[in-house]
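Below is one structure, written out as structure tokens; comments come after it.
Note that ligands are numbered from 1 as they come in the structure, with each ligand's atoms numbered from 1 the same way.
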Amino acid sequence: MKKLNSAKKEIIKEAGKSFHRSLKKGTKSKGTEDLSKQRLTNHGIPEKLMEELMNKSREFFELPEEEKKEFGDGDQGPFAPIRELAFEFTSKIKGVVRNLLEGIAESLGLESNSIIESTGFDSGAFQVFAVNFYPPCPQPHLAQGLPPHSDQGFMTLVMQNGIGGLQVKHDGKWVNVNPLPNSFVVVIGDQVEVLSNGRYESALHRAILNNTVTRMTLVVAHGPALDKEIGAAPEILEKEKPVFRRYKYQDYFHFQQKTRFADKSSLEEVRLRVDEQ
Ligand SMILES: O=C(O)CCC(=O)C(=O)O
Ligand SMILES: [Fe+2]
């Protein structure tokens with residue numbers, strides 16, 4: 001038990017280093033700057049598990065089209081060959097994200113479990129696992145892997161297969177987030193921006209292509225339960241005006257599905273004008 005606790009503390013400390021470095025009361029986080037330099041390394045997820053997941057997913061993507069088509073939906077869907085590995089991976093990641101959310105709550109001066117409780121993280125929170133496959137592109141400057149966007153949930157953990165392509169916008173410029181072995185990039189999403197009343201900013205990011213090698217990423221996104229109402233923490237609003245209006249996460253989720261990959265447009269929809277605050 002003791003060991004588990006200290007491992008947990010380490011992860012929170014890591015989160016602290018990653019996100020809270022420049023977070024002082026009343027100032028904005030430099031989340032995107034940190035993202036280009038910081039990685040989550042002390043995550044406790046076996047390297048072998050991630051390697052296996054990456055290799056098996058690659059095998060699937062590289063099957064001839066005809067064979068790929070044989071996979072249907074549901075139990076026979078493309079995830080069938082990696083179902084168990086994916087389950088183990090995503091459950092472990094959920095534990096890491098839980099710790100990160102505790103770390104974030106603490107950094108905001110809230111009870112460590114406050115975000116977890118108010119957003120239904122332990123009961124109905126959503127988690128989406130995706131494997132992105134970007135084959136070499138003959139003219140990479142004419143195409144995009146993924147257009148600029150922010151992720152709509154709390155945070156997304158991204159693991160790259162050793163090939164760079166993820167970029168974040170920082171000070172008006174696109175900055176490369178180079179892959180480092182056995183580490184995750186933690187991409188802060190819109191819900192953390194809202195819950196923190198704008199102290200954290202969700203990262204505007206995109207994926208670019210190259211013309212030589214195949215790039216893959218394992219991506220796990222997390223968000224509140226759909227029926228929860230989301231807004232800045234009440235303790236924060238005792239001292240400052242709300243920056244965003246409250247909403248049911250379900251509404252945000254559906255809206256964002258329609259406007260996916262359109263910069264941070266969903267967040268702008270819930271931002272209050274000065275005369276509404
Ligand atoms: O593949 C990447 O590097 C980024 C993926 C991403 O941003 C996403 O899936 O939302
Ligand atoms: Fe993303």
Side-chain angles (χ1 to χ4, degrees), residues 18-19 31-40 43 50-51 53-55 57-58 60-61 78-79 82 86 89-90 93-94 96-97 100 125-137 140-141 143-170 173-194 200-224 252-268:
S18 299
F19 314 124
T32 49
E33 180 193 37
D34 286 352
L35 195 57
S36 66
K37 299 194 187 102
Q38 306 276 335
R39 301 292 182 282
L40 184 64
H43 45 69
M50 297 194 280
E51 260 173 33
L53 202 48
M54 198 68 98
N55 292 340
S57 306
R58 186 170 188 137
F60 167 77
F61 279 113
F79 275 115
I82 56 165
F89 178 66
T90 50
I93 296 261
K94 190 163 180 190
V96 172
V97 169
L100 293 177
F126 92 84
Q127 187 185 40
V128 176
F129 173 49
V131 184
N132 292 318
F133 185 79
Y134 307 97
C137 170
H141 53 286
Q144 301 198 70
L146 283 181
H149 66 283
S150 60
D151 293 344
Q152 63 146 309
F154 294 128
M155 62 178 78
T156 308
L157 267 54
V158 180
M159 162 100 191
Q160 312 185 71
N161 70 331
I163 310 297
L166 178 61
Q167 295 186 323
V168 288
K169 192 83 168 256
H170 177 64
K173 291 198 192 86
W174 287 108
V175 179
N176 290 327
V177 185
N178 295 323
L180 292 175
N182 195 21
S183 68
F184 290 98
V185 180
V186 180
V187 180
I188 292 289
D190 294 346
Q191 303 315 306
V192 169
E193 179 156 348
V194 172
Y200 285 90
E201 285 178 53
S202 61
L204 185 62
H205 59 288
R206 68 178 185 182
I208 58 164
L209 301 169
N210 74 75
N211 57 11
T212 46
V213 279
T214 291
R215 171 169 189 266
M216 285 179 67
T217 51
L218 304 180
V219 176
V220 196
H222 303 81
Y252 198 91
F253 187 88
H254 291 311
F255 182 74
Q256 209 263 1
Q257 292 293 305
K258 279 191 234 146
T259 57
R260 268 188 103 205
F261 305 126
D263 296 315
K264 288 176 69 165
S265 55
S266 304
L267 204 54
E268 290 317 311

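Heavy-atom contacts of Val219 reach the following atoms of ligand 1: 9 (O) (cutoff under 4.0 Å). In the vicinity of Thr217, heavy-atom distances shorter than 4.0 Å reach the ligand 1 atoms 1 (O), 2 (C), 3 (O). Per-residue contacts place His205 under 4.0 angstrom from the following atoms of ligand 1 (heavy atoms of the residue considered): 7 (O).
For atom 9 (O) of ligand 1, the closest non-hydrogen atom of the protein is Asn132 ND2, 3.4 Å. Distance from atom 4 (C) of ligand 1 to its nearest protein heavy atom, with residue and atom name: Leu166 CD1, 3.9 Å. Protein heavy atom nearest atom 3 (O) of ligand 1, with residue, atom name and distance: Arg215 NH2, 2.8 Å. Residue, atom and distance of the protein heavy atom nearest to atom 10 (O) of ligand 1 are His149 NE2, 3.2 Å. If you check which protein heavy atom lies closest to atom 1 (O) of ligand 1, you get Tyr134 OH, 2.6 Å.
Contact annotation for Leu146 and ligand 1: only side-chain heavy atoms (C-beta onward) come within less than 4.0 Å of the ligand. Contacts between Asp151 and ligand 1, counted as non-hydrogen atom pairs separated by less than 4.0 Å, involve the side chain only.
In this structure, His43 has its ring center under 6.0 Å from that of Phe184. Aromatic ring centres of Phe89 and Phe129 lie closer together than 6.0 Å.
The structure places OG of Ser150 at 11.5 Å from CD1 of Ile188, a figure rounded to the nearest 0.5 Å. To the nearest 0.5 angstrom, Thr90 atom OG1 is 12.0 Å from Leu157 atom CG. Atom CG of Asn55 is separated from atom CE of Met50 by 12.0 Å, given to the nearest 0.5 angstrom. Atoms CE and CG, on Met159 and Leu53 in that order, are 9.5 Å from each other to the nearest 0.5 Å. To the nearest 0.5 Å, the span separating OG on Ser265 from CZ on Phe255 amounts to 6.0 Å.
For Gln127 (side chain) and His222 (main-chain N/O), no donor-acceptor pair under 3.5 Å exists by modelled atom type. In this structure a side-chain-to-backbone donor-acceptor pair under 3.5 Å is present from Tyr252 to Leu267. Side-chain atoms of Gln191 come within 3.5 Å of backbone N or O of Gln152 as a donor-acceptor pair.
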Item to check | Intermediate values then yes/no, side-chain contact (heavy atoms from CB on, under 4.5 Å), Val177 and His205 | outcome: CA-CA 10 Å; Val177 185; His205 59 288; over 6 Å; no
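Between Gln160 and ligand 1 there is no heavy-atom distance shorter than 4.0 Å. The closest approach between Arg206 and ligand 1 stays at or above 4.0 Å for every heavy atom of the residue.
Between Arg215 and Leu166, the shortest heavy-atom contact is NH2-N, 3.4 Å.
Excluding waters, the protein N/O/S atoms found under 2.8 Å from the Fe ion (ligand 2) are His149 NE2, Asp151 OD1, His205 NE2.
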